[in-house]
Amino acid sequence: MRLKPERWKILQILHIKGQNDPYFGELSITDREFDYFLSLNQDITLVGEGKQVFERNNDMIDSYFMLSPGGNVMSNKNGNYSLLPFSHINEQNLMQIVSQGKYVKRGSVYAW
């Protein structure tokens, strides 16, 4: 409660080949199951004033700018993961890594 998060993210597990293969089968749920979970939980008030944000697998693909522990940019363009050196990122290829439309659609523009 002290942290007062602005958002609580509830994510459907996304298969990341080579990273969560051993667990994906037992933890994955269908889109229909995720929609059912959402229907049961979307109106629940969580701790603090934080907003709940539910994201399906398709919402996450191409819409995140992620850094790996080694400092590389992780791209999940079309659901395929690759690493790019951070020093190679510029404004032009950033738009090839992250879909601006999907980024905005999932509510990722924050008023800091």
Side-chain angles (χ1 to χ4, degrees):
M1 291 181 86
R2 278 191 350 245
L3 296 177
K4 298 179 184 172
E6 291 186 24
R7 292 178 183 212
W8 291 91
K9 290 213 157 188
I10 298 96
L11 309 172
Q12 181 181 9
I13 187 171
L14 180 64
H15 188 201
I16 304 171
K17 293 177 183 147
Q19 293 188 28
N20 65 356
D21 296 333
Y23 312 102
F24 184 74
E26 74 180 82
L27 296 176
S28 66
I29 60 173
T30 66
D31 290 340
R32 186 174 179 180
E33 290 169 320
F34 189 76
D35 288 340
Y36 179 68
F37 174 83
L38 190 150
S39 73
L40 295 176
N41 295 285
Q42 64 187 355
D43 295 326
I44 294 173
T45 302
L46 298 174
V47 174
E49 297 176 17
K51 175 185 173 189
Q52 295 174 165
V53 178
F54 295 86
E55 290 186 17
R56 293 169 182 78
N57 287 340
N58 192 49
D59 297 331
M60 294 181 273
I61 295 173
D62 297 338
S63 70
Y64 273 88
F65 184 82
M66 303 172 285
L67 293 177
S68 73
N72 292 309
V73 174
M74 295 175 64
S75 171
N76 69 350
K77 191 76 175 167
N78 300 318
N80 298 312
Y81 281 80
S82 60
L83 291 175
L84 307 162
F86 188 79
S87 60
H88 289 92
I89 304 302
N90 57 46
E91 188 175 339
Q92 287 76 35
N93 64 12
L94 179 60
M95 294 305 145
Q96 295 170 356
I97 297 168
V98 178
S99 165
Q100 184 177 5
K102 285 184 80 171
Y103 181 83
V104 170
K105 184 179 177 183
R106 68 176 178 77
S108 297
V109 179
Y110 298 89
W112 295 96

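Small disclaimer: the values here were computed from a predicted structure and weren't measured.
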Can you tell me how far CG of Leu84 sits from CG of Asn72, rounded to the nearest 0.5 angstrom?
-> 8.0 Å

Sequence neighbours left out, cut at 3.5 Å: what donor-acceptor pairs do the side chains of residues 91-101 make with other protein atoms?
from: Asn93; atom 1: OD1; to: Asn90; atom 2: N; distance (Å): 2.7
from: Asn93; atom 1: ND2; to: His88; atom 2: O; distance (Å): 2.8
from: Ser99; atom 1: OG; to: Lys102; atom 2: N; distance (Å): 3.3

With a cutoff of under 4.5 Å between side-chain heavy atoms, which Ile, Leu, Val, Met, Phe, Trp and Tyr residues group with Met66?
-> Leu11, Leu14, Ile16, Met60, Ile61, Tyr64, Met74, Tyr81, Leu83

Can you tell me which residue pairs pass the side chain to side chain donor-acceptor pair (under 3.5 Å) test with a partner in residues 16-25, sequence neighbours excluded?
-> His15-Asp21

Heavy atoms, side chains only, cut-off 4.5 Å: are Phe65 and Tyr103 in contact?
-> no

Pairwise salt bridge (charged side-chain N to carboxylate O under 4.0 Å, His left out) hits with a residue in residues 57-85, at least two apart | none

Connected hydrophobic set around Leu40, excluding itself, where side chains approach under 4.5 Å | Tyr36

Verify the cluster assignment for Ile29 and Phe54: are they in a single hydrophobic cluster under the rule of side-chain heavy atoms below 4.5 Å apart?
-> yes

Other residues, nucleotides, ligands: >12 heavy atoms within 6.0 Å of Lys105 NZ = no

Output every pair passing salt bridge (charged side-chain N to carboxylate O under 4.0 Å, His left out) with a member in residues 25-41, not counting sequence neighbours, ordered by first then second residue.
-> Asp35-Arg56

Between Arg106 and Ser63, is there a donor-acceptor pair closer than 3.5 Å when you use the side chain of the first and the backbone of the second?
-> yes

